Structures are given as structure tokens and as C-alpha cells.
Amino acid sequence: MQSLMRIVLVVLVFSLLMLPVAAPVFAAGPPDLTRIDSQVAVKSDGTVGITYLLTFRETETRNQITSLGPLDAGHSIRSSEIEGSDGKRGKISLSSQGGGFYAVPFGFSTQVGQVYTVTIRYDVSRPLDTTTIKDQA
């Protein structure tokens, strides 16, 4: 019984010692956002193609954006990628959280001080708004 208590105590102490090392991975602070940009192409049928860019300077190592959005209702994603000033680049897959919000796993860990740009291209298959010219829709 005493040997079991020693093992439990050693595991507990080891876990407490590792907590300061592991905590930053789970609770990374926010990056410095340097650019948020959207480009909207209106098609002849009123639907739109949107390119969304998010550029940030990294302040802590992370491997994802925990929540991005919401994107417009009724959207379909055409492509998404990340590119870093360190030359790292890759396709990313957005993970739906519902309501147009997404988690964005990078597939690698970012590095402090580097600049990264996330580009998401998506379409919205219905008109977002209507307008009239000389009383014509």
C-alpha cells in the first residue's frame, strides 16, 4: 500500500512540475493582428465570391486559430491556406464549430516573431442583398 502511495505522490509531483511547461500550449495569448481584409466579387446572378485574408505577427507558439468567423450564411469554402514569413506554407482544413464559425488547425506550430497570412476563399450561393435602379430590382 505504501508503494502505491509513493507512486501516486511521484506522479502528482511530476504532473505539477510539468504544468508550467504545458500550460502555454493550451492557453496561447492573442497574436498581433496586422491586417484583416476581404475582397468581394459580385457575380451577374447576385451571388458572391469572397477572399478573406487575416495577417498576424505571432506572439506565442500555436498550432491553430481556435475560432474564426462567422462566415456568411449559406457559404461553401473553395480553398484555405496559410503562409508564413519564414517560408512555411500549406493548405489548411477548417473545422466547423457551427453557426459559420470555424477552428483553423495549421498542421504545424507557428514561431514567435514570424508573420503569417491565412487566406480563405469561399462562395455564397444566394444574393447577400438586393438593390434597385430606376425601380427595377
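Because the structure is predicted, anything quoted here is derived from the model rather than measured.
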Exercise. Just say parallel, tilted or perpendicular for the rings of Tyr116 and Phe108, cut-offs at 30° and 60°.
Key: tilted
Quiz prompt | Heavy-atom side-chain contact between Leu94 and Ile77 under 4.5 Å | solution = yes
Exercise. Tell me whether Leu68 is reachable from Leu53 by hopping between hydrophobic residues (I, L, V, M, F, W, Y) whose side-chain heavy atoms are closer than 4.5 Å.
Key: no
Practice problem: Measure from the side-chain N and O atoms of Glu58 to the backbone N and O of Glu60, and report whether any donor-acceptor pair falls under 3.5 Å. | Solution: yes
Practice problem: With the side chain counted from C-beta on, respond yes when Arg62 and Pro31 share a heavy-atom pair under 4.5 Å apart, and no when they do not. | Solution: yes
Practice problem: Please name the pair of heavy atoms, one in Gly99 and one in Pro70, separated by the smallest distance, quoted to 0.1 Å. | Solution: O-CB, 3.6 Å
Quiz prompt | Nearest atoms (heavy-atom pairs only) where Ser85 meets Gln114 | solution = OG-OE1, 2.8 Å
Practice problem: Report yes if the side chains of Thr51 and Thr119 come closer than 4.5 Å at any heavy-atom pair, otherwise no. | Solution: yes
Exercise. Would you confirm whether Thr59, through its side chain, and Pro30, through its main-chain N or O, come within 3.5 Å as a donor-acceptor pair?
Key: yes
Practice problem: Test side-chain contact (heavy atoms from CB on, under 4.5 Å) on Arg78 and Tyr122 and set out the steps. | Solution: CA-CA 5 Å; Arg78 281 186 283 135; Tyr122 66 98; 5.8 Å; no
Quiz item: Sub-3.5 Å donor-acceptor pair from the side chain of Thr61 to the main-chain atoms of Ser109, do we have one?
Solution: no
Exercise. Output yes when a side-chain donor or acceptor of Ser80 lies under 3.5 Å from a complementary backbone atom of Ile120, and no otherwise.
Key: no
Self-check item: Under-4.0 Å salt bridge between Lys88 and Asp86
Solution: no
Quiz item: Can you tell me if Glu83 and Thr117 form a side-chain donor-acceptor pair at under 3.5 Å?
Solution: no
Practice problem: Would you indicate whether the side-chain heavy atoms of Tyr52 and Ile36 approach each other to under 4.5 Å? | Solution: yes
Quiz prompt | Separation of Asp45 CG from Ser125 OG (nearest 0.5 Å) | solution = 9.5 Å
Practice problem: Verify the cluster assignment for Ile50 and Val42: are they in a single hydrophobic cluster under the rule of side-chain heavy atoms below 4.5 Å apart? | Solution: yes
Exercise. May I ask whether Val112 and Phe106 are part of the same hydrophobic cluster, defined by side-chain heavy atoms of I, L, V, M, F, W, Y residues being less than 4.5 angstrom apart, directly or through others?
Key: no
Quiz item: Any side-chain heavy-atom pair from Leu54 and Leu33 closer than 4.5 angstrom?
Solution: yes
Quiz item: Would Ile92 and Val118 satisfy side-chain contact (heavy atoms from CB on, under 4.5 Å), going step by step from the backbone distance to the final call?
Solution: CA-CA 9 Å; Ile92 51 178; Val118 172; 3.8 Å; yes
